[in-house]
Amino acid sequence: MRIAVLASGNGSNFEVIAQAVKDKEIPAELVLLFSDHRDAYVLERGKKFSIPCESFELKEFPDKKSYEAALLKKLKDHEVELVVLAGYMRIIGEDLLTAFPNRIVNIHPALLPDFPGLHGIRDAYEAGVKETGVTIHYVDRGVDTGPIIAQGKVSVAETDSLSDLETKIHAVEHQLYPQVLAEIVKESDN
C-alpha cells in the first residue's frame, strides 16, 4: 500500500511512522510527505528518511478548493492509496474526502468525542479530567467526528503540568499510531 503523510509542524508522529515503515513494522511504502507550511520542521525529518517532500501553502492559492485540487493532484501523481494525517492542522475538504473515502486517517490527542478541535490536550487539562488519551479515527466531514479506529488512555495525575500531559500523550501516540496503521494496511491487503 502506498501511503502519504500530511503534517503541518514538528513531525514527531511522522518520524515514528517513517521509522516503522523503514523497519517493515508497517508493511507499506511511504511515498510522499506533504506539509502546508514551507518552513515546517517535519520537512527536515522527511529528508532524513529520503522521502519525497512537497509543500505549498493555502495563501498561495485563490481559495481552499484550488489548494486542495493541487494537493489531490500530488497525491494522485504519487499513486497514494492511504492518507495519514500527523499533525495536519487543516480541515479536509469535500474533494479529498470523495477521492479517498474511508482512506484518510487522523490522530487526535484526546479521547473523542471529548475535546475535539485544535487544542485537545490543553482543553482536557483545563477541564481537570483524571483521564484523557489519544484517538485514531477515519476522517469524515466533521471536525474529529469520524469513525473511531482505536483509542489509548492516559491518566492525568494531580501533579501533572500541561507539559507533563503533552509528554504522556505523545508517548501513547508514538506507540499506538504505527500499530494501528500496520493493522489497516494488513487488513487492506486481505
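Values below: every heavy atom of this structure, side chains too, minus hydrogens, waters and symmetry copies.
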Point to revise | Residues that Ser55 engages under side-chain hydrogen bond (donor to acceptor under 3.5 Å, both in side chains), provided they are two or more places apart | key: none

**Study point:** Shortest non-hydrogen contact between Val42 and Gly11, atoms and distance
**Key:** CG2-CA, 3.6 Å

**Study point:** Residue list, side-chain hydrogen bond (donor to acceptor under 3.5 Å, both in side chains) with Glu54, at least two apart or on another chain
**Key:** Lys74

Check your understanding: Looking at OG of Ser35 and CZ of Phe14, how far apart are the two atoms once the value is rounded to the nearest 0.5 Å?
Key -> 10.5 Å

**Study point:** ILVMFWY cluster, Ile51 and Val5 together (side-chain gap under 4.5 Å)
**Key:** yes

**Study point:** Straight-line distance of Leu181 CG to Lys186 NZ, nearest 0.5 Å
**Key:** 11.5 Å

Point to revise | Listed partners of Thr135 passing side-chain hydrogen bond (donor to acceptor under 3.5 Å, both in side chains), at least two apart | key: Gln151

Exercise for review: May I ask you to decide if Ala99's main-chain N or O and Arg103's side chain share a donor-acceptor pair within less than 3.5 Å?
Suggested key: yes

Review point. Does anything in residues 41-53 pair up under salt bridge (charged side-chain N to carboxylate O under 4.0 Å, His left out), and if so which pairs, sequence neighbours excluded?
Key: Glu15-Arg45, Glu15-Lys48, Glu44-Lys47

Point to revise | Residue pair Val31 / Pro52: nearest heavy atoms and the distance that separates them | key: O-CG, 3.4 Å

Check your understanding: Is a donor on one side and an acceptor on the other found under 3.5 Å between the side chain of Ser8 and the backbone of Met89?
Key -> yes

Exercise for review: Check each of Val172, Val16, Val84, Val134 against Tyr177 using the side-chain contact (heavy atoms from CB on, under 4.5 Å) test, and report the only one that passes.
Suggested key: Val84

**Study point:** Salt-bridge criterion met for Arg2 and Glu81 (N-O under 4.0 Å)
**Key:** no

**Study point:** Linked, directly or transitively: Leu97 and Leu75 (ILVMFWY side chains, under 4.5 Å)
**Key:** yes

Practice item. Please say whether more than 12 non-hydrogen atoms of neighbouring residues, nucleotides or ligands are located less than 6.0 Å from NZ in Lys65. Key: no

Exercise for review: Name all residues meeting the salt bridge (Lys or Arg N to Asp or Glu O under 4.0 Å) criterion together with Lys130; count only those two or more places apart in sequence or in a different chain, and write none if there are none.
Suggested key: none

Exercise for review: Would you please name every residue forming a side-chain hydrogen bond (donor to acceptor under 3.5 Å, both in side chains) with Lys24, sequence neighbours left out?
Suggested key: none

Point to revise | Pairwise side-chain contact, Leu6 with Leu71, heavy-atom cut-off 4.5 Å (strictly under) | key: yes

Practice item. Would you please name every residue forming a ring pair (Phe, Tyr, Trp, His ring centres under 6.0 Å) with Phe56, sequence neighbours left out? Key: Phe34, Phe61, Tyr67

Point to revise | Residues clustering with Val143 (ILVMFWY side chains joined when closer than 4.5 Å, directly or via others) | key: Ile91

Exercise for review: First locate atom CD1 of Ile121, then atom NE2 of His108, and finally report the distance between them rounded to the nearest 0.5 Å.
Suggested key: 8.5 Å

Exercise for review: Take Val83 and Leu96 through the test side chain to side chain contact (heavy atoms under 4.5 Å, CB included) and record every step on the way to the result.
Suggested key: CA-CA 10 Å; Val83 177; Leu96 285 174; over 6 Å; no

Check your understanding: Can you tell if the side chain of Leu85 reaches within under 4.5 Å of the side chain of Ile107, non-hydrogen atoms only?
Key -> no

Check your understanding: Is it the case that one hydrophobic cluster holds both Val180 and Ile104, taking links as side-chain heavy atoms less than 4.5 Å apart, direct or via other members?
Key -> no

Review point. Which atoms form the tightest heavy-atom contact between Thr145 and Gly142, and what is the distance?
Key: OG1-CA, 3.2 Å

Review point. Between Gly133 and Ile169, which heavy-atom pair has the shortest distance, and what is it?
Key: O-CD1, 3.3 Å

Review point. How would you list all residue pairs meeting salt bridge (charged side-chain N to carboxylate O under 4.0 Å, His left out) that involve residues 138-148, not counting sequence neighbours?
Key: Glu94-Arg141

**Study point:** Within 6.0 Å of CD in Gln175, more than 12 heavy atoms from elsewhere
**Key:** no

Review point. Which other residues end up in the same hydrophobic cluster as Ile148, if Ile, Leu, Val, Met, Phe, Trp and Tyr are linked when side-chain heavy atoms come under 4.5 Å apart?
Key: Leu112

Review point. Quick one: does Glu68's side chain have a donor or acceptor within less than 3.5 Å of a partner on Ile92's backbone?
Key: no

Revision key, fill the gap. So CG of Leu162 and OG1 of Thr167: to nearest 0.5 Å the spacing works out to 9.5 Å

Exercise for review: Enter the distance from Gln19:CD to His174:NE2 here, rounded to the nearest 0.5 Å.
Suggested key: 12.5 Å

Review point. Just wondering, do Leu30 and Phe49 contact through their side chains at under 4.5 Å, heavy atoms?
Key: no

Point to revise | Same cluster (ILVMFWY, side-chain, under 4.5 Å), Leu176 and Val154 | key: yes

Exercise for review: Would you check if Val129 and Leu111 make a side-chain contact, meaning some heavy-atom pair closer than 4.5 Å?
Suggested key: no

Point to revise | Derivation of the side chain to side chain contact (heavy atoms under 4.5 Å, CB included) call for Ile3 and Ile26 | key: CA-CA 10 Å; Ile3 296 176; Ile26 299 174; 4.2 Å; yes

Check your understanding: Can you tell me if Ser188 uses its side chain to pair, donor with acceptor, with the backbone of Val185 under 3.5 Å?
Key -> yes

Practice item. Name all pairs fulfilling the salt bridge (charged side-chain N to carboxylate O under 4.0 Å, His left out) condition that reach into residues 162-178, sequence neighbours left out, sorted by first residue then second. Key: Asp160-Lys168

Exercise for review: Kindly indicate, with the supporting measurements, whether the criterion side chain to side chain donor-acceptor pair (under 3.5 Å) is fulfilled by Asp63 and Ser66.
Suggested key: CA-CA 6 Å; Asp63 53 34; Ser66 302; 2.7 Å; yes

Point to revise | Listed once per pair and sorted, the ring pair (Phe, Tyr, Trp, His ring centres under 6.0 Å) pairs that draw on residues 68-98, sequence neighbours left out | key: none

Point to revise | Connected via hydrophobic side-chain network under 4.5 Å: Met1 and Ile17 | key: yes

